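In what follows, chains carry the letters A, B, and so on, assigned in the order in which the sequence lines appear, proteins first and then strands, with residues in each chain numbered from 1. What you see is a predicted model; the values in this text were computed from it and never measured.
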2 protein chains.
Amino acid sequence: MAENRVTGQEGRRLVSTAIRQALSAGDLVPGQRLVEQELSETLHATRNCVREALQDLAAEGLVELVPRRGARVRVVSVEEAIQITECRAALEGLCARRAATHAPAEQRESLREIGAGMRAAVSGGDLNTYSALNRRLHARIAEMSGQTVAGGLLDRLKGQMVRYQFRLALRPGRPTKSLPQHLAIIEAIVAGDGAAAEEAARAHLDSVIDELRATPDTEPQEPRSLGAHV
Amino acid sequence: MAENRVTGQEGRRLVSTAIRQALSAGDLVPGQRLVEQELSETLHATRNCVREALQDLAAEGLVELVPRRGARVRVVSVEEAIQITECRAALEGLCARRAATHAPAEQRESLREIGAGMRAAVSGGDLNTYSALNRRLHARIAEMSGQTVAGGLLDRLKGQMVRYQFRLALRPGRPTKSLPQHLAIIEAIVAGDGAAAEEAARAHLDSVIDELRATPDTEPQEPRSLGAHV
DNA sequence: GTCAAACTTATTGTCAACAATCTCGTTGAT
DNA sequence: ATCAACGAGATTGTTGACAATAAGTTTGAC
């Protein structure tokens, strides 16, 4: 049992990424309390590290920090998820347009590989692969557009949506609906048609919004404490 | 000599707003070092407060925090300012559209008062008032749109632009060019025409981008230390 | 049996001293 | 004169203990 407690600015990063992962893996439910000492023991880090990591996560909008009362996993309502997606539509529209008009043709055409992979994943029923390619496509477009500022904002926004994105992807019939939209974005970008690319990106996210609207508001998740006995 | 050093979470807020103000007032130039002890003495705060305030400002993108080397006022290049404004165009377009289609008519019409004030300020040559009304108009539209997420992102982006916004507003002939754009946005929103409102907002910010393109890249500002003697 | 007040425990916030690191000026050799 | 190694001072980072507060629990009166 190597007792090397992580510490310092490196530990801070480690702790925050650990929490991030636990969050996207669903190990932490919205509303759950995050107790500093508890985390510091679990992650073998100083309480200071944990504290600073929590501040970072709060700045990213992933946790809520109430003075003197500690941190909880932030709860994003469906309403807020919709607003986030509306912002995404605006920003990804910008990125898609710029990717179409600004990126070299060779890079643009490489998107078709992702498209082919998506098509294969959907017809093969491999939802995990499709979901991964989905993220990759969006990230790649943002990168190709050269819009680093927009890219940063999008990362931030997507981080707050992990819980919803997960659910949406698993909904029956969803891939069949979103696949052609993704392909349309790709084709518009490859064609170098900025206006069409922006339009396609927006249409795609508008469809996500429709899907969100059909989502029941999350019941106030019971923060399952560790000592929860039946 | 009341020796009450500010402390705690309140001090943290006080320090960060003090720095924010100094930043927008031009008392702190980009690239300037922010030494913790120095600030804590000037602002009568604990070094801890200052430290945490700096973290907050770093999370907002106002200062740059290099490990073991301290904090400096972040330098935003013209290129980055342009990207920021492109994001603003996308997001303010969204807000303008929603304000036009979603806000009650009564609220929308109240924008005309701001428009009239702007017209008066420009014809009277009162740049400060015009600039203040400018900020107020944009903020009001974001508020009316009900898009709190977009509003938050916009606040953040504008915070990083203080230096440029200041310069642009003072440029000769600029108000004459931007006033009709602002009035067009207002009229489209009052008319309830979402598409036109979005288009007008975008056109306005595109014009800001043109102005930025004509901006010489900032020479590496000399961090005028306090003890700078001739 | 119910409610309120005091008490206990769990948890976060604060601090001051110490440690680690960097910056910059000085010295000395080539 | 130039450069590298060295060292002093300045600045940030870290720690552990303590203070302050909130949450939960018991006790006691009615």
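Every residue two or more places apart in sequence or in another chain that forms a side-chain contact (heavy atoms from CB on, under 4.5 Å) with A/Asn134 is listed here: A/Met118, A/His138, A/His182. In this structure, the side-chain contact (heavy atoms from CB on, under 4.5 Å) partners of B/Ala142, at least two apart in sequence or on a different chain, are B/Cys95. Qualifying salt bridge (charged side-chain N to carboxylate O under 4.0 Å, His left out) partners for A/Glu80, counting only residues two or more places apart in sequence or in other chains: A/Arg74. Looking at residues two or more places apart in sequence or on another chain, you find a salt bridge (charged side-chain N to carboxylate O under 4.0 Å, His left out) between B/Glu143 and B/Arg140. The salt bridge (charged side-chain N to carboxylate O under 4.0 Å, His left out) search around B/Arg12 returns B/Glu52, B/Asp56, not counting sequence neighbours. Residues passing the side-chain contact (heavy atoms from CB on, under 4.5 Å) test with A/Glu41, sequence neighbours excluded: A/Gln37. Taking B/Glu86 as the reference, A/Leu94, A/Arg98, A/Gln147, B/Ile82, B/Gln83, B/Ile209 meet the side-chain contact (heavy atoms from CB on, under 4.5 Å) condition, with sequence neighbours excluded.
Contact check for A/Leu62 versus A/Ile19: no side-chain heavy atoms found under the 4.5 Å cut-off.
Sorted by first and then second residue, the salt bridge (Lys or Arg N to Asp or Glu O under 4.0 Å) pairs with a member in residues 59-68 of chain B read B/Arg20-B/Glu60; sequence neighbours excluded. Applying the side-chain hydrogen bond (donor to acceptor under 3.5 Å, both in side chains) test to pairs two or more places apart or on separate chains, those with a residue in residues 205-214 of chain B are B/Arg171-B/Glu211, B/Arg174-B/Ser207, B/Arg174-B/Glu211, B/Gln181-B/Ser207.
The side chain of A/Val35 lies closest to C/dT11 when the candidates are C/dC15, D/dT12, C/dT11.
Contacts between residues 8-16 of chain B and DNA chain C, defined by a heavy-atom separation below 4.0 Å, involve B/Gly8, B/Gln9, listed by number. The stretch residues 50-58 of chain B touches DNA chain D through B/Arg51, each having a heavy atom within less than 4.0 Å of the strand.
Spacing between atom CD of B/Glu38 and atom C1' of D/dT11 amounts to 11 Å, rounded to whole angstrom units. If you take CG of A/Leu39 and C1' of C/dA10, they are 15 Å apart, rounded to a whole angstrom. Rounded to an integer number of Å, the gap from CD of B/Gln37 to C1' of D/dT12 is 11 Å. Distance, B/Arg72 CZ to C/dC22 P: 15 Å, rounded to whole Å.
Backbone-only engagement by B/Leu34 is indicated by non-hydrogen atom pairs under 4.0 Å involving sugar-phosphate atoms exclusively.
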Write down the protein N/O and nucleotide N/O pairs, taken from nucleotides 16-25 of chain D, whose separation is under 3.5 Å; answer none if there are no such pairs.
| residue | atom | partner | partner atom | Å |
| --- | --- | --- | --- | --- |
| D/dA23 | OP1 | A/Arg69 | NE | 3.2 |

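A/Ser178 and A/Tyr130 form a side-chain donor-acceptor contact under 3.5 Å, judged by distance and modelled atom types alone.
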